[in-house]
> 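First the structure, which I've put down as structure tokens, then a few questions once you've had a look.
All values below come from the heavy atoms of this structure, side chains included, with hydrogens, waters and symmetry mates left out.
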Amino acid sequence: MGAMPTKTTMTVPLLDLKAQYADIRAEIDDAVRRVMESARFIGGPEVSGLEEEVARYSQVPYGIGCASGTDALLLSLRALGIGPGDEVVTSAYSFFASAGTIANVGATPVFVDIDPRTYNLDPHRLEGAITPRTKAVIAVHLYGQCCDLAAVKAVCDKRQVWLIEDAAQAIGAEWEGRRAGAVGDFGCFSFFPSKNLGGAGDGGMIVTRHGDYADRLRLLREHGARPKYYHALIGTNSRLDALQAAILRVKLRHLDRWSEARARNAEAYTRWLEGSRVGRPYRDPRARHIYNQYVIRVEKRDELKQFLADRAIGTEIYYPVPLHLQECFASLGHRSGDMPHAEAAAKETLALPVYPELGEDRLRYVVQAVREFVDS
Ligand SMILES: Cc1ncc(COP(=O)(O)O)c(C=O)c1O
């Protein structure tokens with residue numbers, strides 16, 4: 001393994017947004033020009049247009065744009081009045097925002113271990129984590145595959161707690177034919193550039209079927225004011241820019257094509273890695289997986305990451321520390337061993353490039369390098 005890096009001219013980044021821009025440059029440039037010429041930078045038809053289109057795409061009546069996926073979660077928690085003394089249950093293995101937002105409203109995050117096959121919250125462990133203080137569950141759809149939404153929803157209904165879907169990585173994903181964000185009370189999306197629907201900067205959206213909460217969310221994202229300067233609620237500034245909205249409307253038209261290309265790349269990896277000692281992602285037959293990430297599992301993960309970096313292949317670890325062991329949550333009193341599946345995933349998972357423009361040569365090059373490492 002300590003061998004010299006293979007000599008090659010091929011470079012495979014984890015994601016190639018320049019290739020995406022080259023593909024749709026004229027449409028994006030038109031959209032940007034349209035906003036610049038209108039000089040309508042805050043609110044306006046681009047933002048409301050995107051809200052309607054994302055809501056329709058997600059099979060939900062209302063969409064509320066906001067500044068980021070983190071704010072989508074935060075505003076949902078605030079709209080529900082969740083705060084000190086309350087508990088919110090979430091997955092032990094996710095991006096920090098799934099838990100950080102709970103702490104940021106003053107509530108306590110309660111973690112549940114994952115299903116080691118999907119890396120999503122294990123629904124069988126959910127009910128045991130719910131107490132009389134639990135107000136909501138934040139169910140994460142990690143890597144672009146929904147958690148078992150039917151099972152999670154059944155527990156939330158039975159125990160009368162709100163269900164917030166953290167669909168930041170999963171726009172367009174489905175569970176038994178229902179879109180990510182459509183099953184819970186709130187669905188939260190991120191338009192961070194690396195997402196399947198990514199802007200040219202930060203952005204986010206909440207979708208909901210509750211008209212009264214949609215209204216409240218609209219108030220909260222603009223300092224709780226209606227009309228302007230008359231504040232019924234204490235909100236914040238968490239608007240989605242018109243420029244971002246215009247760019248995202250263009251990209252939304254290409255989203256299914258991109259997600260399908262990602263799924264084809266994922267299938268190729270899965271086929272070509274068969275018979276190797278690589279743990280390949282499990283796709284639940286009830287799910288439409290949109291492969292925001294293609295995540296493999298290997299024992300010597302850190303060595304593999306370096307081996308691939310030496311061959312100009314970009315990879316990433318999502319995530320190296322499970323949430324319950326993050327330093328900032330030390331006061332919750334968790335120890336190593338509390339969430340064994342999340343802890344093992346944090347040591348063994350690695351995301352490979354799966355972006356739509358990857359192409360067969362690069363795919364084969366990545367597979368060959370991974371196999372060379374694991375089979376040697
Ligand atoms: C699972 C998950 N939740 C929440 C977020 C937060 O989204 P944002 O980066 O737009 O604030 C992300 C994005 O990285 C995410 O992956």
Side-chain angles (χ1 to χ4, degrees), residues 11-58 63-75 95-97 143-144 166-173 180-181 187-207 221-222 236-262 290-293 314 316 318 351 353-358:
T11 299
V12 191
L14 182 63
L15 179 67
D16 188 354
L17 291 173
K18 288 182 185 168
Q20 187 194 63
Y21 178 50
D23 184 34
I24 56 167
R25 180 192 292 265
E27 286 175 85
I28 294 284
D29 291 358
D30 270 358
V32 170
R33 193 174 319 113
R34 199 166 64 230
V35 175
M36 294 309 294
E37 284 169 0
S38 78
R40 205 57 215 271
F41 300 123
I42 300 288
E46 298 293 351
V47 174
S48 58
L50 180 74
E51 289 175 337
E52 277 166 32
E53 287 157 15
V54 169
R56 197 176 321 122
Y57 183 81
S58 306
I64 302 96
C66 61
S68 67
T70 301
D71 273 6
L73 292 167
L74 201 64
L75 290 167
F95 179 65
F96 180 71
Y143 307 143
D166 181 343
Q169 301 181 8
I171 190 163
C188 298
F189 298 121
S190 162
F191 303 131
F192 187 79
S194 65
K195 300 301 194 273
N196 285 32
L197 180 62
D202 279 307
M205 194 174 292
I206 307 131
V207 292
R221 75 169 170 192
E222 290 206 75
T236 186
N237 172 3
S238 182
R239 291 179 290 246
L240 177 68
D241 292 342
L243 266 169
Q244 293 301 341
I247 290 169
L248 290 162
R249 290 180 84 186
V250 169
K251 290 196 176 192
L252 182 59
R253 299 202 287 268
H254 299 277
L255 179 59
D256 281 327
R257 171 169 74 85
W258 290 333
S259 292
E260 281 155 23
R262 284 172 177 271
I290 57 133
Y291 291 99
N292 181 241
Q293 303 297 341
E316 191 50 277
Y318 300 117
V354 73
Y355 61 89
E357 302 81 5
L358 193 56

> Could you walk me through whether F95 and D166 pass the side chain to side chain contact (heavy atoms under 4.5 Å, CB included) test, one step at a time?
CA-CA 10 Å; F95 179 65; D166 181 343; over 6 Å; no

> If we ignore hydrogens and angles and just use 3.5 Å, is the side chain of E51 paired with the main-chain N or O of G65 as donor and acceptor?
yes

> Is the shortest side-chain N to carboxylate O distance from R40 to E46 below 4.0 Å?
no

> Just wondering, do K251 and I28 contact through their side chains at under 4.5 Å, heavy atoms?
yes

> For R262 and I290, which heavy atoms make the closest approach, and how far apart are they?
CD-O, 3.6 Å

> Please report the interatomic distance CD1(I64) to CG(D71), rounded to the nearest 0.5 Å.
13.5 Å

> Using every non-hydrogen atom in the two residues, find where K195 and N292 come nearest and quote the distance to one decimal.
CA-ND2, 3.5 Å

> Would you please test D241 and F41 for side chain to side chain contact (heavy atoms under 4.5 Å, CB included) and show each step?
CA-CA 6 Å; D241 292 342; F41 300 123; over 6 Å; no

> Kindly give the heavy-atom pair with the smallest separation between T70 and A97, and that separation in Å.
OG1-CB, 3.6 Å

> Please give me the minimum heavy-atom distance between S38 and V35, naming the atom from each residue.
OG-O, 2.9 Å

> For the residue pair Y355 and L14, what are the closest heavy atoms and their distance?
CD2-O, 3.3 Å

> To the nearest 0.5 Å, what is the distance between OG1 on T236 and CZ on R221?
12.5 Å

> Under a 3.5 Å cutoff, is there a donor and acceptor pairing between the side chains of E27 and H254?
yes

> Run the numbers on Q169 and Y318 for side chain to side chain contact (heavy atoms under 4.5 Å, CB included), then give the verdict.
CA-CA 12 Å; Q169 301 181 8; Y318 300 117; over 6 Å; no

> Hey, what do you get for CD (E53) to CE (M205), rounding to the nearest 0.5 Å?
9.0 Å

> Taking side chain as C-beta onward, heavy atoms only, is F191 less than 4.5 Å from D202?
no

> How long is the gap from CG on L15 to CD on Q293, to the nearest 0.5 Å?
8.5 Å

> Would you compute the distance between atom CG of N196 and atom CG of L252 and round it to the nearest 0.5 angstrom?
11.5 Å

> Could you tell me the separation between the CZ atom of F189 and the CD1 atom of I206, rounded to the nearest 0.5 Å?
11.0 Å

> Closest approach of L240 and A245, non-hydrogen atoms and distance?
CD2-CB, 4.2 Å

